[in-house]
Amino acid sequence: MPYRILDHTADVGIEATAPDVPGLFSEAVAAAAAVILDASPGPATGAMPVAVEADDLGALLAALLGEALWTFESSGRLPVSAELEVSNETAAGTFGVVDDVTIGGPAMKAVTYHQLAVERTPEGWRARVFFDV
Amino acid sequence: MKTRAVGEFEWEVPIGEVPGMRVPGRVFADQELIAKARDDRALEQVANVATLPGIVRASYAMPDIHWGYGFPVGGVAATDVDAGGVVSPGGVGFDICCGVRLLRSDLTLDDIRPHLNDLARRLGERIPRGVGTKGMLRLDRTDLAGVMREGAAWVLGSGLGWESDLERCEDHGRLSGADTAAVSDRAQQRGASQCGSLGAGNHFLEIQVVTEIFDETAAKAFELFDSGVCVMLHTGSRGLGHQVCTDELRAFDKLMRRLKITVPDRQLACGPLDAPECERYFAAMAAAANFARANRHALAHGVRETFADVIGRTAEDMGMRLVYDVAHNLAKIERYVVDGRERNLCVHRKGATRAFGPGHPELAERYRPVGQPVIVPGSMGTSSYVLVGTEAGRDKAFWSTCHGAGRAMSRTQAKKRMGGHQVKSDLEDAGVLVNATHPALLAEEAPYAYKDVDRVVDTCEGARLSQKVARLRPLAVIKG
């Protein structure tokens with residue numbers, strides 16, 4: 001499973017895995033969408049540009065997910081994947097988005113830095129992010 | 001995490017449980033609540049907060065404590081402004097100045113019973129709610145700047161609400177020091193459309209009835225009486241506050257690296273109170289807090305209008321006055337004596353309510369003899385409470401008390417136990433009308449997902465943080 005939802009008393013977390021960082025970030029976007037939908041997201045039906053900057057990979061992922069929430073709030077189009085070029089300090093490319101979304105999960109307010117992690121594993125990469133809901 | 005009892009309702013997390021603790025943790029709980037606190041990672045978070053530079057006395061936790069992000073929910077921490085103390089945006093949280101407003105009325109349960117269905121339906125239509133919803137007010141950037149600077153007073157100036165509302169509001173509805181230039185364009189964009197909206201999640205509006213009075217003197221001062229109908233609403237600064245915290249968290253993360261400050265959890269990012277970043281944070285936080293006050297003020301106006309339309313009497317005639325408006329996510333500079341010296345402290349309350357005792361000079365004259373009203377929402381179907389601050393509360397935990405029942409169960413666990421439609425039907429069987437935009441989501445906020453609010457407020461009373469004034473039972477719940 002490339003991502004799973006983590007239990008939390010008040011909020012909700014996700015853990016994603018992938019062989020490389022761009023894939024990891026895309027899985028994290030899919031995981032956030034899965035929380036919002038309370039279901040696995042379907043394939044993207046459109047694309048929207050995205051670009052973020054931060055000092056390290058953890059903050060970069062948090063910024064990317066923050067952009068995903070903003071995209072959803074401002075346009076109603078939900079990012080479900082991402083095609084990105086990622087360096088240590090920038091991620092740029094496109095979100096794969098879906099329209100006509102039915103919210104099935106909790107309202108997601110923001111991306112936290114609580115236990116935020118993007119780390120190398122023997123199999124590739126793993127990320128953990130908690131959201132304020 | 002080790003805890004030892006230091007009183008009937010007090011537990012200490014000793015220094016050393018987490019490396020770098022500067023003060024002990026102090027948790028207000030009875031036997032059952034401390035056992036619940038041990039179930040998740042809340043106590044570890046109490047210990048983590050105790051590592052913040054400049055923290056004084058203890059890292060406190062109220063009886064409704066549970067695992068949060070960075071700070072525990074129910075956490076209180078005060079840092080010494082003049083001795084290297086810090087402010088931590090995560091210690092306020094994303095929903096800056098989230099809080100509760102309670103309107104009372106002269107109506108009794110018998111008066112309202114014939115109108116209850118209509119009220120629940122009409123309030124549902126009138127009160128904007130749900131994710132990212134557009135609010136009752138349409139604000140251009142100039143209006144929004146006014147809201148951020150003036151809070152509830154700006155909405156009053158636009159013709160909504162009553163003059164008497166302001167004195168019955170924490171900070172008289174306006175936190176000083178707001179600077180709109182400290183609020184990012186995106187935060188302003190998110191706020192401009194959302195003022196006068198409830199939001200989703202645990203935010204709600206309830207019609208309630210007073211079922212018990214515990215303190216006649218305070219109840220009289222708060223104008224509450226047995227069988228009296230009230231309206232409680234719980235919401236905050238919406239997307240504007242979320243974005244301010246998001247922006248500042250990033251800035252403080254960088255600041256900490258620059259100053260080589262280390263904390264056990266990145267969400268505890270903080271900076272010394274004399275740093276320019278902190279000055280900007282306080283200016284932005286105050287702007288978001290004022291937005292939250294304006295938001296609740298506007299919604300209360302919508303409630304009064306709806307009651308007037310449905311019942312056919314004016315809100316003035318029904319005596320729909322504000323009891324109080326409290327924040328439970330905020331940081332403030334307050335003065336306390338610590339180790340024999342009066343100091344300016346930055347008091348963070350994350351899921352905790354300020355509870356000034358009797359005689360406090362900041363309280364409106366009508367409340368000064370008895371103390372500050374504290375509004376404690378229960379969970380759907382359970383009681384809510386009005387409490388009052390105590391003299392002892394100052395030394396106990398910087399005049400702080402609980403903010404609600406406190407979650408006991410994750411959303412996933414809650415949903416596994418019962419579906420939202422079943423929760424709605426059970427509530428209606430118990431005599432609580434439910435108007436929800438997403439009934440399926442009701443399961444996440446089901447009463448059983450929360451701790452026993454009666455036990456929480458009794459523990460606050462046992463620990464002398466606050467005293468019970470009145471208990472209220474829900475009649476109708478409006479949720480996003």
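In what follows, chains carry the letters A, B, and so on, assigned in the order in which the sequence lines appear, proteins first and then strands, with residues in each chain numbered from 1.
Proximity of B:Gln243 to A:Glu73: side-chain heavy atoms (C-beta onward) are nowhere separated by under 4.5 Å.
Other residues, nucleotides and ligands contribute more than 12 heavy atoms inside 6.0 Å of the CG atom of A:Asp99. Other residues, nucleotides and ligands contribute more than 12 heavy atoms inside 6.0 Å of the CD atom of A:Glu119.
Salt bridge present: A:Glu67 and B:Arg186 bring a charged side-chain N and a carboxylate O closer than 4.0 Å. Ion pair B:Arg257/A:Asp56 flagged as a salt bridge, since at least one NZ, NE, NH1 or NH2 atom sits closer than 4.0 Å to an Asp/Glu carboxylate oxygen.
No part of A:Ala62 comes within reach of chain B, as not one of its non-hydrogen atoms sits under 4.5 angstrom from that chain. Within the 4.5 angstrom heavy-atom criterion, only backbone atoms of B:Ala408 (N, CA, C, O) approach chain A. For a residue to count as touching a neighbouring chain, one of its non-hydrogen atoms must lie under 4.5 Å from one of that chain's; by this rule B:Gln45 touches chain A with the side chain only. The contact between B:Thr412 and chain A is made by backbone and side chain atoms together, counting heavy-atom distances below 4.5 Å. Only the side chain of B:Gln189 comes within contact range of chain A, with heavy atoms under 4.5 Å apart.
Looking only at distances, a side-chain donor or acceptor of A:His8 sits under 3.5 Å from a matching main-chain atom of B:Gly68. Using a distance-only test at 3.5 Å, with no hydrogens or angles considered, no donor-acceptor pair links the side chain of B:Arg266 to the main chain of A:Gln115.
What you find for A:Ala107 and B:Gly201 is that their closest heavy atoms are CB-N, 4.5 Å. Contact detail for B:Trp67 and A:Ala10: the closest heavy-atom pair is O-CB, 4.0 Å. When all heavy atoms of B:Arg190 and A:Lys109 are compared, the pair lying nearest together is NH2-O, 4.1 Å.
For the set B:Glu445, B:His66, B:Glu444, the count of heavy-atom pairs under 4.5 angstrom toward chain A peaks at B:Glu444. When each of B:Lys415, B:Arg411, B:Lys254 is checked for heavy-atom pairs under 4.5 Å with chain A, B:Arg411 comes out on top. The most heavy-atom pairs under 4.5 Å with chain A, out of B:Leu268, B:Asp40, B:Thr246, B:Leu249, come from B:Leu249. With chain A as the partner, the residue from B:Arg41, B:Gln413, B:His438 showing the most heavy-atom pairs under 4.5 Å is B:Arg41.
Of the residues listed (A:Asp132, A:Leu116, A:Val111), the one engaging B:Tyr69 in a side-chain contact (heavy atoms from CB on, under 4.5 Å) is A:Asp132, and it is the only one.
Put simply, OG1 on A:Thr9 and CZ on B:Arg407 are 8.5 Å apart, with the number rounded to the nearest 0.5 Å.
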Exercise. Begin from the C-alpha positions of A:Leu69 and B:His242 and carry the test side-chain contact (heavy atoms from CB on, under 4.5 Å) through to its verdict.
Key: CA-CA 11 Å; A:Leu69 296 187; B:His242 307 165; over 6 Å; no

